[in-house]
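In what follows, a structure is listed as structure tokens, so that the remarks can point back to it.
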Amino acid sequence: MISEHPRELIVKNAILRNYDNVDFASLRPYFESVVLKKRDLLQEPRRPIKNIYFIESGLVSSATHTLGNMIETSIVGRHGVIGAAVVLGAKASMHQSTVLISGSALRIGVDDMHRVMVEHPLIREGLLHYIHAVIVESAQRTLCAVHHKLEQRLACWLSIACDVLSGTVLPVTHERLSVILGVRRAGLTESLIRFEKYGLIYKSRGVIQIRDCSALKEKACSCYNIITSTYRENEVLPVAGQFWRFDQHGVRN
């Protein structure tokens, strides 16, 4: 149960915003507001999925692992959900989901989620739209890793991350970003230095600040437009400053 806002709940998650008052009211009693700390593990490969997280703020990196190597397959922010695979009948996660940038989420247990989806099928439908977008992102990023240049991929990732956060300050280290993109740290650092020289970013210790979002998006590969348009078509792309207020009965104000 949510104890911090007993009379009113401000909802930022794009999927929850799309539900009507009746569907949201059916979910609200089971939500728990949780803080997401940097490096928290929300899911681990081949481990049972116990909770579903509707991300409200911050950034979560979902990655696939094999033989000691990993590469990120999707970025999850307030447009998305961690654990949505349960909608497809999955019992265990195939990904590792790690909090990259601290934030918050609304958490619900798997059993409660299944029960609510049976009674309110439109909730399941909304999650299926999101899953479709994630599948497209994962496939596109696989192609991107094979065929596109590092600077294009880097510009794409930074642009998507800023869209998801609705901000321009990314507290991400070079080392972590090199792991996310599956490239050598030295090569990544060289690309960031060039980006700074072009006036696209400003980098300091552990932080990358975007200075020219439009120019950065122009430098990104075509994957940026494909991924963002897919989330937009599925009505789960976050909009800066957009949120809903729900009273204690789940009614939108």
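When a residue number appears, it is its place in the shown sequence, counting from 1. Since this is a predicted model, take the numbers as computed values, not measurements.
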When you look at Ser62 and Ser97, which way does the side-chain hydrogen bond (donor to acceptor under 3.5 Å, both in side chains) test go after all the steps?
CA-CA 4 Å; Ser62 255; Ser97 297; 2.8 Å; yes
Could you walk me through whether Leu100 and Ile75 pass side-chain contact (heavy atoms from CB on, under 4.5 Å), step by step?
CA-CA 9 Å; Leu100 187 62; Ile75 306 173; over 6 Å; no
Hey, can you pull the donor-acceptor pairs under 3.5 Å for the side chains in residues 117-128, sequence neighbours left out?
| unit_1 | atom_1 | unit_2 | atom_2 | d |
| --- | --- | --- | --- | --- |
| His120 | ND1 | Asp23 | OD1 | 3.1 |
| Arg124 | NH2 | Val87 | O | 3.4 |

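Asp112 meets the side chain to side chain contact (heavy atoms under 4.5 Å, CB included) test with Tyr30, Ile108, Arg115; sequence neighbours excluded. For Cys221, the side chain to side chain contact (heavy atoms under 4.5 Å, CB included) partners two or more places apart in sequence, or in a different chain, are Cys144, His148, Gln152, Cys156, Cys223. With sequence neighbours left out, Ser93 forms a side-chain hydrogen bond (donor to acceptor under 3.5 Å, both in side chains) with Gln43. In terms of the salt bridge (Lys or Arg N to Asp or Glu O under 4.0 Å) criterion, residue partners of Glu72 (sequence neighbours excluded) are, by chain and number, Arg141. With sequence neighbours excluded, the residues forming a side chain to side chain contact (heavy atoms under 4.5 Å, CB included) with Ser104 are Glu56, Ser57, listed by chain and number. In this structure, the side chain to side chain contact (heavy atoms under 4.5 Å, CB included) partners of Val35, at least two apart in sequence or on a different chain, are Lys37.
Of the N and O atoms on the side chains of Ser74 and Ser138, not one donor lies less than 3.5 Å from an acceptor on the other residue.
Of the candidates Lys217, Arg232, Arg78, Lys217 is the only one forming a salt bridge (Lys or Arg N to Asp or Glu O under 4.0 Å) with Asp163.
Proximity of Gln209 to Ile201: side-chain heavy atoms (C-beta onward) are nowhere separated by under 4.5 Å.
Among pairs with a residue in residues 97-107, those fulfilling salt bridge (Lys or Arg N to Asp or Glu O under 4.0 Å) read Glu32-Arg107, at least two apart in sequence or across chains. Sorted pairs that involve residues 173-191 and meet salt bridge (Lys or Arg N to Asp or Glu O under 4.0 Å), not counting sequence neighbours, are lacking altogether. Every pair passing salt bridge (Lys or Arg N to Asp or Glu O under 4.0 Å) that includes a residue from residues 143-156 is listed here, sequence neighbours excluded: Glu151-Arg194, Glu151-Lys219. Sorted by first then second residue, the ring-ring contact (aromatic ring centres under 6.0 Å, His included) pairs that include residues 44-64, not counting sequence neighbours, are Phe31-Phe54. Here salt bridge (Lys or Arg N to Asp or Glu O under 4.0 Å) pairs that include residues 204-213, with residues two or more places apart or in two chains, number zero.
Using cut-offs of 30° and 60° for the angle between ring planes, the Tyr231 and Tyr130 rings count as tilted.
Closest non-hydrogen pair, Ile101 versus Pro171, comes out as CD1-CD, 3.6 Å.
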